[in-house]
Trainee: 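Sharing a structure, written as structure tokens. Questions coming.
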There are 2 protein chains.
Amino acid sequence: MRIGELSRATEVPVPTIKYYLREGLLPAGELSSPNQASYGERHARRLRLIRALVELAQVPVAQVKEILESLDSDDLPLHEQIGRAHRALTPTRKQTASEEARAAATTQVTELITRRGWSVEPEAPALATLIETVAALRTLGQDDLVGFLDAYADAVERFTELEIDAVTTNPTRDQLAESVVIGTILGETLISSLRLLAQESISAHRWKDH
Amino acid sequence: MRIGELSRATEVPVPTIKYYLREGLLPAGELSSPNQASYGERHARRLRLIRALVELAQVPVAQVKEILESLDSDDLPLHEQIGRAHRALTPTRKQTASEEARAAATTQVTELITRRGWSVEPEAPALATLIETVAALRTLGQDDLVGFLDAYADAVERFTELEIDAVTTNPTRDQLAESVVIGTILGETLISSLRLLAQESISAHRWKDH
DNA sequence: TGTGATGGATAGTATCAGTATCCATAAGCG
DNA sequence: CGCTTATGGATACTGATACTATCCATCACA
């Protein structure tokens with residue numbers, strides 16, 4: 001495949017493909033002469049993955065790069081690969097909450113994690129986000145939602161188990177890692193749109209009269 | 001409160017507050033003279049909400065504006081207010097999937113919705129996202145994840161009911177609408193960080209040896 | 001009376017995700 | 001063989017977003 005065919009096969013414009021090549025998201029094609037390269041099915045597959053992450057899941061290009069790098073480093077233990085992808089997905093946010101709000105939230109989240117028996121490294125980026133979110137909800141006067149932390153955790157635990165079961169059926173390690181990453185990211189898009197639909201449907205019934 | 005005090009109270013820089021004023025995210029203070037305005041607790045509250053949405057939930061400023069406008073239009077029925085906020089949250093995405101992948105996904109999603117008895121308008125933006133996501137998962141060879149659509153929907157339905165119950169305890173309509181919006185948006189941040197933590201924890205146990 | 005803050009307007013900046021342009025070369029066609 | 005079109009690689013440009021910075025004519029307050 002030359003670049004034009006790759007473009008037609010994936011519906012990604014040629015200049016965009018060139019951009020991804022420049023940025024190192026897509027490995028270079030095999031050069032047959034200084035200005036002639038050929039791309040294979042692997043490239044098409046990778047390109048489709050990039051588009052799904054960038055367009056659908058709105059993952060920034062720089063993060064997509066890190067995620068793909070973690071996928072490509074199959075010398076790492078699987079758990080470490082997943083950890084890297086997670087880190088790429090959770091940008092270090094500015095701390096929004098006040099000192100004391102954060103302290104309270106930290107205690108609450110830590111207790112939640114102990115209660116559930118989760119093993120989480122203290123540096124996990126998602127932990128910081130969770131703490132900031134709980135603190136923000138408190139500050140915004142939404143304490144009742146915070147009261148549902150356990151209910152959320154229940155639900156989340158349940159489908160995470162399912163996901164991991166599903167994904168474990170993958171024959172090779174490579175495919176396994178890729179499935180986990182796709183599942184993590186597109187799964188989120190899936191959940192969030194399902195949630196919006198559920199909300200609309202339930203709220204329509206509940207507040208017909210308001 | 002003058003702008004400097006508002007800035008100190010919320011830890012938002014003065015130029016940023018001015019920017020939000022310009023963009024119409026924050027209502028102007030009450031002018032006592034041509035260059036002297038005073039802001040109240042309502043402004044501080046609004047500002048904290050803006051920050052939570054922009055920094056924590058990464059909602060683009062333009063969308064935040066629409067969301068706030070829907071909150072402020074309490075002449076609309078509640079369900080319509082929520083619908084507007086939803087629309088602001090789901091940017092119309094480019095269609096990524098191929099014709100036939102989308103057709104298949106549409107059928108599957110429609111069946112899911114019927115099976116669940118959800119009432120969803122066909123123009124709901126989340127619907128389009130859901131369809132594109134299912135199509136993308138298929139294209140990327142993750143059919144097994146698509147098989148879990150019902151399991152996801154179960155979980156999502158369960159906590160959406162809880163949220164709506166919680167939020168319904170709010171005394172006034174204004175507060176109710178605000179709670180729904182905050183719950184929708186920050187709830188998503190909450191769920192996604194819980195999910196990442198659950199994944200790390202489960203994957204650590206499951207793949208110690210990989 | 002003068003020092004610092006304020007409202008309002010306008011301009012500038014950094015980052016991001018592409019697009020566009022150029023060029024020397026190569027491939028395919030008649 | 002010549003001509004058109006495509007290609008790889010480099011560099012430059014663009015439009016959107018979310019602020020920052022600067023200016024200036026007031027204004028409050030010590």
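Chain naming here is simple, since letters A, B, ... match the order of the sequence lines and numbering starts at 1 in each. Since the structure is predicted, the reported quantities are computational estimates derived from the model, not experimental observations.
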Trainee: Rounded to whole Å, how long is the line connecting atom CG of Leu31(B) with atom P of dA25(D)?
Mentor: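 One finds 19 Å between P of dA25(D) and CG of Leu31(B), rounded.
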Trainee: Starting from P on dG9(D), measure out to CD1 on Ile3(A) and report it in whole angstrom.
Mentor: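 Rounding to the nearest Å, CD1 of Ile3(A) and P of dG9(D) are 9 Å apart.
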Trainee: Roughly, in whole Å, what's the span from CD in Glu5(B) to P in dC29(D)?
Mentor: 10 Å
Trainee: Could you give the NZ-to-C1' distance, from Lys65(B) to dT17(D), as a whole number of Å?
Mentor: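 Taking atom C1' of dT17(D) as the reference, NZ of Lys65(B) is at 15 Å.
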Trainee: Of the options dT6(C), dC19(D), dG8(D), whose atoms approach the side-chain atoms of Val61(B) most closely?
Mentor: dC19(D)
Trainee: When you compare the side chains of Tyr20(A) and Arg51(A), does any donor N or O come within less than 3.5 Å of an acceptor on the partner?
Mentor: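 Their side chains do contain a donor-acceptor pair, which is all the 3.5 Å distance test asks for.
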Trainee: Report the C-alpha distance between Glu41(A) and Arg46(A) in whole Å, list the side-chain angles of each, state the deciding distance to 0.1 Å, and finish with yes or no for salt bridge (Lys or Arg N to Asp or Glu O under 4.0 Å).
Mentor: CA-CA 9 Å; Glu41(A) 200 37 58; Arg46(A) 184 43 67 95; over 6 Å; no
Trainee: Give me the residues of residues 20-30 of chain B where at least one heavy atom lies under 4.0 Å from an atom of DNA chain D, by number, or none.
Mentor: Tyr20(B), Arg22(B)
Trainee: State plainly whether the residues Arg93(B) and Glu55(A) are in salt-bridge range, i.e. N to O under 4.0 Å.
Mentor: no
Trainee: Consider the side chain of Pro34(B), meaning its heavy atoms from C-beta on, and name the nucleotide among dT26(D), dC19(D), dA17(C) that approaches it most closely.
Mentor: dT26(D)
Trainee: Answer yes or no: are there more than 12 heavy-atom neighbours, outside Glu5(A) itself, under 6.0 Å from its atom CD?
Mentor: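 Yes, because the 6.0 Å sphere around CD of Glu5(A) holds more than 12 heavy atoms from other groups.
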Trainee: Would you call Arg42(B) and Glu178(B) a salt bridge, taking side-chain N to carboxylate O under 4.0 Å as the test?
Mentor: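 Salt bridge absent between Arg42(B) and Glu178(B).
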Trainee: Do you know the tightest heavy-atom contact between Ala88(B) and Ile67(B)?
Mentor: CB-CG1, 3.8 Å
Trainee: Go nucleotide by nucleotide along DNA chain D from the 5' end; which of Asn35(B) and Pro60(B) gets its closest nucleotide reached first?
Mentor: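 With Asn35(B) and Pro60(B) compared, the 5'-side residue is Pro60(B).
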Trainee: Just the rounded figure in Å: distance from P of dA18(D) to CD1 of Ile50(B).
Mentor: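 Ile50(B) atom CD1 is separated from dA18(D) atom P by 13 Å.
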Trainee: To the side chain of Ser33(B), which of dC27(D), dC19(D), dT6(C) is closest?
Mentor: dC27(D)
Trainee: Determine whether a donor-acceptor pair (N or O, by modelled atom type, separation under 3.5 Å) exists between the side chain of Thr172(A) and the backbone of Gln175(A).
Mentor: yes
Trainee: Roughly how many Å is it from CD in Gln36(B) to P in dT26(D), rounded to a whole number?
Mentor: 13 Å
Trainee: Take the protein atom CD of Gln63(B) and the nucleotide atom C1' of dT17(D), then report the distance between them rounded to whole Å.
Mentor: 11 Å
Trainee: Side-chain donor-acceptor pair under 3.5 Å between Gln199(B) and Thr184(A), yes or no?
Mentor: yes
Trainee: Check DNA chain D against residues 6-19 of chain A and give the residues with a non-hydrogen atom under 4.0 Å, in numerical order.
Mentor: Lys18(A)
Trainee: So does Thr189(A) get a backbone contact from the side chain of Thr133(B), meaning a donor-acceptor N/O pair under 3.5 Å?
Mentor: no
Trainee: Specify the separation, in whole Å, of atom CE of Met1(A) and atom P of dA27(C).
Mentor: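 It is 18 Å, rounded to the nearest whole Å.
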